[in-house]
Amino acid sequence: MTTITDLYPSRGAGEVSVPRQDPVVWSEPGTPGPIPGADLQSYERDGFLAVEQLIDDDEVALYRAELERMIADPAVRADERSIIEPQSQEIRSVFEVHRTSEIFAQLVRDERVVGRARQILGSDVYVHQSRINVKPGFGASGFYWHSDFETWHAEDGLPNMRTVSVSIALTENHDTNGGLMIMPGSHHTFLGCSGETPKDNYKKSLQMQDAGTPSDEALTKYASQHGIKLFTGRAGSATWFDCNCMHGSGDNITPFPRSNVFIVFNSVENTAVEPFAAPVRRPEFIGARDFTPVK
């Protein structure tokens, strides 16, 4: 039985800071793809890449209509893949939409989307996670500061930082309606969080992050060192970001919803093993165990 070395220890007695052990861009320089070389260098340095218009207005309308259809469907609401806001009781997120909606499945297979993932990760890719985030106006809660990789490593068993996310805006992202915030350059250091992972932690963490949350001291240090970038943009814009970026978003108390589709691509050469710091695996609709490449 092969033992996999844990390069990124977390969920122990105290916080630990570890330099990144993996590349950010895995493809060889000059590898053909939709991302220009200068943008790849920027992504490697900062950990993110903003695209002003990934999809056009007609496509935005198509995906918005599908989002609205899904959140209005009582069967979708009753499904365990739907996460409900604890206060308003409105749908917050719906997971695994690339399996439950052919329209979103087509988006995942779109070369503008999957092609960028392959170029960044230097291999074929599969979908580790997909979801629509609704974030309606008048009180939708935010997502506290965290590194996705810390959770995906600790609770899903992803061994290495060879994973990239894309958030595609289906509504305008204002500077006031709870947009994505990233600390540029934070992806070069792994922050292992303190505290054991409770069983079935996902049931709580998908509504409000707790386990895997950095300390105030660590966040202050990160923000002082890296600053904070707030992403705004029209519907159809997209933000690609590395799995280890420290990021979060605020509450939305405006009347304007902030809805997006969120897709996580993982390399087929970085498939999940057993969790590194959790008693059991999370459900497959959150952390996939089907490693079939996107074609």
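Using a cut-off of 4.0 Å between Lys/Arg side-chain N and Asp/Glu carboxylate O, D46 and K229 are scored as not salt-bridged. Salt-bridge formation is detected for the pair E269/R162: a Lys NZ or Arg NE/NH1/NH2 atom is positioned less than 4.0 Å from an Asp or Glu carboxylate oxygen. Taking a cutoff of 4.0 Å between a charged side-chain nitrogen and a carboxylate oxygen, E111 and R118 qualify as a salt bridge. A salt bridge is defined here as a Lys NZ or Arg NE, NH1 or NH2 lying under 4.0 Å from an Asp or Glu carboxylate O, and R116 with D39 fails to meet this definition. Between E155 and R11 there is a salt bridge, with a side-chain nitrogen of the basic residue lying less than 4.0 Å from a carboxylate oxygen of the acidic one. With respect to R112 and E59, a salt bridge is recorded, a charged nitrogen being found less than 4.0 Å from a carboxylate O. At a threshold of 4.0 Å, the pair R234-D57 counts as salt-bridged, since one of the basic side-chain nitrogens sits closer than that to a carboxylate oxygen.
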* Please step through side-chain hydrogen bond (donor to acceptor under 3.5 Å, both in side chains) for the pair D251 and S141, ending with a clear verdict. => CA-CA 4 Å; D251 296 349; S141 53; 5.3 Å; no
* To do: Using the ring-ring contact (aromatic ring centres under 6.0 Å, His included) rule, take F231 and F48 through it: C-alpha gap first, then chi angles, then the decisive distance, then the call.
  => CA-CA 11 Å; F231 291 86; F48 58 81; 5.0 Å; yes
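In this structure, T31 contributes its side chain and E28 its backbone to a donor-acceptor pair below 3.5 Å. Under the 3.5 Å distance criterion, the side-chain polar atoms of T232 are left unmatched by any main-chain donor or acceptor of D175. Side-chain N or O atoms of D242 include none that pairs as donor or acceptor with a backbone N or O of V164 at under 3.5 Å. Between the side chain of S10 and the backbone N or O of G192 there is no donor-acceptor pair closer than 3.5 Å. At distances below 3.5 Å, not a single donor-acceptor pair connects side-chain atoms of S194 with backbone N or O atoms of G12. In this structure, the side chain of N177 does not engage the main chain of N252 through any donor-acceptor pair within 3.5 Å. A donor-acceptor contact shorter than 3.5 Å links the side chain of R64 to the backbone of L170. Between the D216 side chain and the T220 main chain, no donor and acceptor come within less than 3.5 Å of each other. Between the S130 side chain and the H98 main chain, a donor and an acceptor come within less than 3.5 Å of each other. With hydrogens and angles disregarded, a donor-acceptor distance shorter than 3.5 Å links the side chain of K135 to the backbone of G178.
Centroid-to-centroid, the aromatic rings of F265 and H128 stay 6.0 Å apart or farther.
A single hydrophobic cluster is not seen to contain both V108 and V268; linkage of ILVMFWY side chains at heavy-atom distances under 4.5 Å, directly or through other members, places them apart. Cluster membership for V114 and I35, using ILVMFWY side-chain heavy atoms within less than 4.5 angstrom, is shared. Hydrophobic clustering places V261 together with V94 (ILVMFWY residues linked when any side-chain heavy atoms are closer than 4.5 Å, directly or through intermediates). Taking hydrophobic clusters as Ile, Leu, Val, Met, Phe, Trp and Tyr residues chained together by side-chain heavy-atom distances below 4.5 Å, I103 shares a cluster with I71. Taken together through direct or relayed side-chain contacts under 4.5 Å among Ile, Leu, Val, Met, Phe, Trp and Tyr, I263 and I120 form part of one hydrophobic cluster.
In this structure, T171 and P257 approach most closely via the heavy-atom pair OG1-O, 3.2 Å.
Using bins of under 30°, 30° to 60° and over 60° for the plane-to-plane angle, the ring pair F190/H153 lands in the perpendicular bin.
In the displayed structure, Q21 atom CD is contacted under 6.0 Å by more than 12 heavy atoms of other residues, nucleotides or ligands. Within a 6.0 Å sphere centred on CD of Q89, heavy atoms belonging to other residues, nucleotides or ligands number more than 12.
Of the residues listed (T239, N173, N133, N260), the one engaging S167 in a side-chain hydrogen bond (donor to acceptor under 3.5 Å, both in side chains) is N260, and it is the only one.
For R20 and Y8, the positive end is not near the middle of the six-membered ring at less than 6.0 Å and at most 45° from its axis. Within the cation-pi definition used here (under 6.0 Å to the ring centroid, within 45° of the axis), R81 does not qualify as a partner of F95.
Going from atom SG of C245 over to atom NE2 of H188 covers 8.5 Å, rounded to the nearest 0.5 Å.
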